Amino acid sequence: MGVLLWIYTISALLLSMYGLNTLLYSFLFLRGRRRPADPVTPSLTEFPHVTVQLPIYNELYVVERLIDAAAALDWPRDKLQIQVLDDSEDQTTQIAQARVDHYRKRGLDIELRRRADRDGFKAGALAAGLKFATGEFITIFDADFVPPRSYLRKTIPYLLQKPQVGLVQGRWGHLNLDYSQLTRSQAVLLDSHFVIEQAVRSQQNWFMNFNGTAGVWRRACIESVGGWQAETLCEDLDLSYRAQLAGWKFLFLNQVVCPAELPPQIHAWKRQQFRWAKGSTQCLIKFAGRITMAPVPLLKRFEALLHLSGYVFQPVSLLLLLALVPLTIYQVHFPAFLSYFSLFSLGLPLLYALAQRALYPDWGTRLRVFPHLALLGMGLAFNNTLAVLEAATGRHSAFRRTPKFNLSDSQDRWVQREYALAFGWESVGEILLMGYALIGIVGAITTAQYWVVPFLCLYSLGFGYVAWLSLWHSRLRSLGRRERGQVKIKIGTPV
């Protein structure tokens, strides 16, 4: 029991450290609200060449929307190049080629580029496209994004004014925010990341990251640090840290918003989170030594390590559960000081609430999603723990894209769409962990350790909820495929 108590104590202290850090971000955000969120946009006195890169892979439902939005960007036609970097293996290529041909006939410098294979995945596609890019600045939009017409006019001036800035990152908006409780919860998480975390990092001159899309790079910055590399699943984070460690500055613009589609299926969100968790942990392993020795202030180095290790929070929370249940059953005495550290767990809800308050007039009603968000956050711990362990052990895995469905309103259904994902075996682990936490609840009640019950209930409900949602969405997918098959049969049946 002594070893388990040490595991529990260390895990609780680590979780408290992350919680305390969220309180620091909230404090710095509130202090920073006394001045404008973004610096005044500099005057646009010249129009440099800009290359817009659109990396796509099997984006049947959204590729037209993406190309149309890129073609509509308000920038002189003779200074704009658009590259559709297509690695698709389905009819996406034909749809994309038709839109490219449409705009080429109208005088736009746009091309569809394909590779012999998907070597390097997204990083490989971006690197291959860069060889043929004509722009001094490179802006990237993923397939689920719809850049506003004014995007370049609102970002390029900062790069022209400040030659030391290598990247300008915009904020993500949400095309299907109110589609479901799942999309509302994702929006809260993303809003807090951009509105508070990215804003504070930018204002404090801490290390921040390119978010993979909706940002504008200075081409010289990319090339000076070795270009795109596919060593990690987060090629955006990898390049970000290489650039900043080399002395380049990054700027986040809260007022420049680029809306995107949120994954409506729990399996798609799990896949996205797995990729982010594994990729960021790979970057932690890659850069931890360089960050520790970097000639920058100690706080900046510490924040960078916390930034890259953010997903380590979830395996630590899982360790806490694994140790807590037997410690409860055997009535081991817990150190009293740990109860005070539990107050730092209020940091995350505060962070979320501040971001909602900053963005939405009806922010109070949006807080209703918090119980749902708490269950999802806890229930995702097993999925993301697997990702962190893969990164830590050096296990290779392919870049698995997040499917997009082009859902414009709640009447649209993803269940009949081509890219809906099947059941994942990780749900079995979630069900087992739900049962494990239930055993702890019974043990806590039996031994009258009632203070443990709320924590174990959160674990049990969280894992149970995510497992149930996974099973439910798997069933919906199966029904959708059956419906789609019946439609095809009816269409092909002679009258």
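A quick note: this is a predicted structure, and the numbers were derived from the prediction, not measured.
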Indicate whether any N or O donor in one side chain lies under 3.5 Å from an N or O acceptor in the other, for [X] and [Y].
X	Y	result
Ser474	His267	yes
Glu89	Tyr57	yes
Tyr151	Thr139	no
Tyr179	Arg184	no
Trp248	Ser224	yes
His307	Tyr241	yes
Glu303	Tyr25	yes
Asp109	Tyr103	no
Asn211	Gln198	yes
Gln81	Thr51	yes
Lys278	Gln273	no

Heavy-atom pair with the smallest gap, counting every atom of [X] and [Y]:
X	Y	value
Ala355	Ile196	N-CD1, 3.8 Å
Pro48	Trp75	O-NE1, 3.1 Å
Leu108	Ala71	CD2-CB, 3.7 Å
Leu262	Thr183	CD1-O, 3.3 Å
Pro157	Ser43	CB-O, 4.5 Å
Tyr18	Val312	OH-CB, 4.1 Å

Anything under 30° is parallel, anything over 60° is perpendicular, the rest tilted; go ahead and classify Phe405 against Trp414.
tilted
Measure the acute angle between the ring planes of Phe370 and Tyr352, then classify it against the limits of 30° and 60° as parallel, tilted or perpendicular.
perpendicular
When rounded to the nearest 0.5 angstrom, what is the spacing between [atom1] in [X] and [atom2] in [Y]?
X	Y	atom1	atom2	result
Leu159	Leu152	CG	CG	10.5 Å
Phe207	Leu308	CZ	CG	9.0 Å
Lys286	Thr232	NZ	OG1	6.5 Å
Phe194	Met208	CZ	CE	9.0 Å
Ile431	Trp468	CD1	CH2	13.0 Å
Trp217	Ile138	CH2	CD1	11.5 Å

Under 4.0 Å between a side-chain nitrogen and a carboxylate oxygen: does that hold for [X] and [Y]?
X	Y	answer
Lys79	Glu46	no
Glu430	Lys270	yes
Asp178	Arg366	yes
Asp142	Lys122	yes
Lys105	Asp101	no

Verify, without hydrogens or angle tests, whether [X] (side chain) and [Y] (backbone) share a donor-acceptor contact under 3.5 angstrom.
X	Y	answer
Tyr61	Glu418	yes
Tyr311	Thr385	no
Arg171	Val257	no
Gln356	Ser192	no
Gln314	Gly377	yes
Arg218	Phe137	no
Gln169	Ala214	yes
Arg65	Asn406	no
Arg271	Arg401	yes
Arg417	Pro403	no

Could you give me the CA-CA distance, side-chain angles and deciding distance for Asp90 and Tyr419, then say whether side-chain hydrogen bond (donor to acceptor under 3.5 Å, both in side chains) is met?
CA-CA 11 Å; Asp90 63 5; Tyr419 303 133; 2.5 Å; yes
Working for salt bridge (Lys or Arg N to Asp or Glu O under 4.0 Å), residues Asp191 and Arg357:
CA-CA 10 Å; Asp191 289 342; Arg357 185 174 183 272; over 6 Å; no
Check: [Y] and [X] side chains under 4.5 Å, non-hydrogen atoms:
X	Y	result
Arg219	Glu136	no
Leu359	Trp363	no
Glu111	Val84	no
Val415	Gln265	no

Let's go through Phe29 and Val195 carefully: what are the C-alpha distance in whole Å and the side-chain angles of both, what is the deciding distance for side-chain contact (heavy atoms from CB on, under 4.5 Å) to 0.1 Å, and is it a yes or a no?
CA-CA 9 Å; Phe29 171 75; Val195 176; 4.1 Å; yes
Asp86 and salt bridge (Lys or Arg N to Asp or Glu O under 4.0 Å): which single residue from Arg114, Arg118, Arg115 fits?
Arg114
Trp172: which of Phe145, Phe141, Phe252 passes ring pair (Phe, Tyr, Trp, His ring centres under 6.0 Å):
Phe145
Applying side-chain contact (heavy atoms from CB on, under 4.5 Å) to Asp87 and Asp117, what does each step give before you reach the verdict?
CA-CA 7 Å; Asp87 285 345; Asp117 54 48; over 6 Å; no
Begin from the C-alpha positions of Val369 and Val188 and carry the test side-chain contact (heavy atoms from CB on, under 4.5 Å) through to its verdict.
CA-CA 9 Å; Val369 78; Val188 170; 3.7 Å; yes
Would you say CZ of Arg77 has more than 12 non-hydrogen atoms from neighbouring residues, nucleotides or ligands within 6.0 angstrom?
yes
Test side-chain contact (heavy atoms from CB on, under 4.5 Å) on Thr402 and Asp144; report intermediate values, then the result.
CA-CA 9 Å; Thr402 305; Asp144 45 340; over 6 Å; no
For Glu59 and Thr92, run side-chain hydrogen bond (donor to acceptor under 3.5 Å, both in side chains): C-alpha distance rounded to whole Å, both residues' side-chain angles, the deciding distance at 0.1 Å, then the answer.
CA-CA 6 Å; Glu59 305 294 359; Thr92 298; over 6 Å; no
Does Phe423 form a ring pair (Phe, Tyr, Trp, His ring centres under 6.0 Å) with His473? I'd like the steps, not just the answer.
CA-CA 8 Å; Phe423 177 78; His473 281 191; over 10 Å; no
